[in-house]
Amino acid sequence: MEIEAKRWGFRGKIELNAASASTVRGYLNQIIARINKDNSSSVIRLGHGDPSHFPSFKTTPAAEDAIVDALRSAKHNCYAPSAGVLPARRAIADYLNRDLPCKLSPDDVYLTSGCNQAIEVAINVLSRPGANILLPRPGFPYYESCSAYNHLEVRHYDLLPEKGWEVDLDAVETIADENTVALVIINPGNPCGNVFSYEQLHKVAETARKLGILVISDEAYDNLAFGSTRYVPMRVLGSTVPVLTLGSISKRWIVPGWRLGWIVISDPNSILKKSGVIDSIAEFLNVSSDPATFIQAAIPQILENTKEDFFSKIISTLRECADICYNRIEEIPSLTCPKKPEGSMFVMVKLNLSMLEDINDDMDFCLKLAEEESVVVLPGIAMGLKNWLRITFAIEPSLLQEGLERIKGFCQRHAKKQ
């Protein structure tokens, strides 16, 4: 029986359409939908940073044992405090305190449901009418989505490919104004695979201090560095400028589905406390969801019992895969990689459209590649850089070889005739 009403008092939220479409998942869903189901070739996914499916990237048994122990203890079936359970916060503070001039305390650590929720918290806390935030281009699109949803104006500064993806600090000073609240950096870099030097981070800190803004340092790929540039966390410069560090166990331990992240305050001068930012973080967490309590409870054991050889093996595999990816891309005339990746799980590759037939732009390239070769890569437009590609090299090395060989064949078939 049809129900008649003069007017229904509800409707969907239009703002969510744009926010969802601009995420990595939104782009990948469009591309995956174009895969030819009649193609007998297996699908090779080089578009998403989740290597947990592959044998070479299996997490450590120490982490699995910690989860099992926490669950079977029956002590962690309860709600957790909104900031997170104290033993986990203490363990994370100790883990992050290595080489820090000003030590963190458990009170500086707030647990979140993965790094994505940490981004949500930071953006929600800092958004206010008329405010703006400085984001890197290329960058991680979840920042744009959260900012748009919270009506926080986004202003982009460029990462410079010709300088190894350094921050264009002149542009930062040009686009910032009295309503700028923060500058975001991602280190190690997603999507560029770069690692910022201490000298570059120091310049970022000095610039942010001069502008009177805080730095949000996205360190989801913390310590996943395998090149010549030593990884340095932004929090070592907390005495120069207030730093919010966003991190998680997802990438270093290869467990993105466990959804355990954090926001860490590095601010020995108490600027964030005086401005009310810390109180706002605590208040936001009072009205949002928490990571599973038993996952939180497992953190001290995970951090204490994971052996260095596990990390070394992951770094060695990433280095091998980065070498394969860079060297094979060098063999494809229509693709250019400006810098060999030194960290994270990604590399940015420039499309030379003038050498390709029937390819309109990066999205068209990705859609046709999926349809013809069952290979999924992410268009650069998703990361803010049109006619580039983001390629994930954190998969099984043999699959990576096959995927890049298919990309090479695709580019050869679509090459313009001389």
Side-chain angles (χ1 to χ4, degrees), residues 24 46-52 54 56-57 95-96 98-99 115 119 136-140 142-143 158-167 184-204 215-237 243 245-256 261 308 310-329 337-349 378 380 383 385 388-395 397 400:
V24 170
L46 304 179
H48 202 259
D50 181 4
S52 61
F54 305 109
S56 292
F57 290 93
Y95 165 70
L96 297 177
R98 297 162 299 174
D99 304 321
C115 201
I119 295 171
R137 180 173 52 209
F140 183 52
Y142 199 63
Y143 285 95
D158 288 326
L159 301 179
L160 304 172
E162 68 275 12
K163 294 186 176 181
W165 302 108
E166 285 188 2
V167 174
V184 173
I185 64 167
I186 304 174
N187 187 39
N190 175 12
C192 301
N194 61 303
V195 177
F196 291 124
S197 67
Y198 175 82
E199 291 73 23
Q200 173 79 170
L201 294 177
H202 187 265
K203 290 177 183 178
V204 169
V215 175
I216 298 174
S217 185
D218 184 325
E219 297 172 9
Y221 294 88
D222 166 65
N223 282 291
L224 294 183
F226 41 82
S228 59
T229 305
R230 186 172 70 91
Y231 169 70
V232 179
M234 188 73 202
R235 57 186 173 274
V236 302
L237 294 161
V243 177
T245 297
L246 315 184
S248 76
I249 63 170
S250 297
K251 306 301 184 179
R252 197 177 188 205
W253 273 266
I254 321 293
V255 288
E308 190 59 39
F310 166 72
F311 297 131
S312 297
K313 177 181 176 294
I314 294 298
I315 290 295
S316 177
T317 304
L318 285 172
R319 183 183 294 113
E320 176 190 357
C321 291
D323 287 344
I324 291 170
C325 192
Y326 182 78
N327 292 335
R328 296 307 301 271
I329 288 169
C337 181
K339 181 177 174 60
K340 187 176 182 178
E342 293 192 301
S344 79
M345 300 176 176
F346 310 103
V347 64
M348 286 294 285
V349 177
L378 192 68
M383 325 304 288
L385 208 55
W388 288 67
L389 307 171
R390 189 192 77 171
I391 296 178
T392 304
F393 52 80
I395 73 168
L400 179 62

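The side-chain hydrogen bond (donor to acceptor under 3.5 Å, both in side chains) contacts involving residues 310-320 comprise nothing, where partners must be two or more places apart or lie in separate chains.
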Side chain to side chain contact (heavy atoms under 4.5 Å, CB included) between K340 and D323, intermediate numbers included:
CA-CA 8 Å; K340 187 176 182 178; D323 287 344; 2.6 Å; yes

Residues C115, D218; criterion side chain to side chain contact (heavy atoms under 4.5 Å, CB included); working and verdict:
CA-CA 8 Å; C115 201; D218 184 325; 4.1 Å; yes

Trace of the side chain to side chain contact (heavy atoms under 4.5 Å, CB included) decision for T229 with Y198
CA-CA 9 Å; T229 305; Y198 175 82; over 6 Å; no

Check step by step if side chain to side chain contact (heavy atoms under 4.5 Å, CB included) holds for L378 and M383.
CA-CA 9 Å; L378 192 68; M383 325 304 288; 3.3 Å; yes

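Side-chain atoms of S52 never come within 3.5 Å of backbone atoms of I254 as a donor-acceptor pair (strictly under, hydrogens ignored). Between the Q200 side chain and the V167 main chain, a donor and an acceptor come within less than 3.5 Å of each other. Without hydrogens or angle criteria, N187 side chain to F196 main chain gives a donor-acceptor distance under 3.5 Å. Remark: the backbone N or O of A220 is not paired with any side-chain donor or acceptor of R252 at under 3.5 angstrom. Although no hydrogens or angles enter the test, the distance criterion places no donor-acceptor pair under 3.5 Å between the side chain of E166 and the main chain of P161. A donor-acceptor contact shorter than 3.5 Å is absent between the side chain of D158 and the backbone of L160. Side-chain N or O atoms of E342 include one that pairs as donor or acceptor with a backbone N or O of S228 at under 3.5 Å.
T245 contributes atom OG1, which lies 9.0 Å from atom CE of M234 (distance to the nearest 0.5 angstrom). How far SG of C337 is from CG of N327: 10.0 Å, rounded to the nearest 0.5 Å. K251 NZ to N223 CG: the interatomic distance, rounded to the nearest 0.5 Å, is 15.5 Å. In this structure, CG in L385 is found 4.5 Å from CE in M348, a value given to the nearest 0.5 Å. Here CZ of F54 is found 5.0 Å from CD1 of I395. Values are rounded to the nearest 0.5 Å. One distance of note links CG of L224 with OH of Y231; it measures 9.0 Å at 0.5 Å rounding.
For Y142, the side chain to side chain donor-acceptor pair (under 3.5 Å) test picks out E120, with sequence neighbours left out. Annotation: ring pair (Phe, Tyr, Trp, His ring centres under 6.0 Å) contacts of Y95 (sequence neighbours excluded): W253. When the side chain to side chain contact (heavy atoms under 4.5 Å, CB included) test is applied to A394, the partners found at least two apart in sequence or on another chain are P51, F57, L318, M345, T392. With sequence neighbours excluded, the residues that form a ring pair (Phe, Tyr, Trp, His ring centres under 6.0 Å) with F346 are Y221. S248 is linked by a side chain to side chain donor-acceptor pair (under 3.5 Å) to S250, counting only residues two or more places apart in sequence or in another chain.
The shortest non-hydrogen separation linking N194 to G164 is CB-O, 3.8 Å. Minimum interatomic distance between D50 and P256 (heavy atoms only, all atoms of both residues): OD1-CG, 3.2 Å. C321 and L400 make their closest contact through O-CD2, 3.3 Å (heavy atoms, listed as atom of the first residue, atom of the second, distance). Minimum heavy-atom separation, P341 to F226: O-CE1, 3.4 Å. The two residues C325 and I391 make their nearest non-hydrogen contact at SG-CG2, 4.0 Å. The two residues S217 and V243 have their closest heavy-atom pair at CB-CG1, 4.2 Å.
Contact of the P397 side chain with the I324 side chain is registered, since non-hydrogen atoms from C-beta on lie closer than 4.5 Å. Using a 4.5 Å heavy-atom cutoff, the side chains of E219 and R235 are in contact. Under the 4.5 Å side-chain criterion, counting only non-hydrogen atoms from C-beta, F140 is in contact with I186. Two residues are said to be in side-chain contact when any heavy atoms from C-beta on lie closer than 4.5 Å; P138 and C192 meet this criterion.
In the displayed structure, R230 atom CZ is contacted under 6.0 Å by at most 12 heavy atoms of other residues, nucleotides or ligands.
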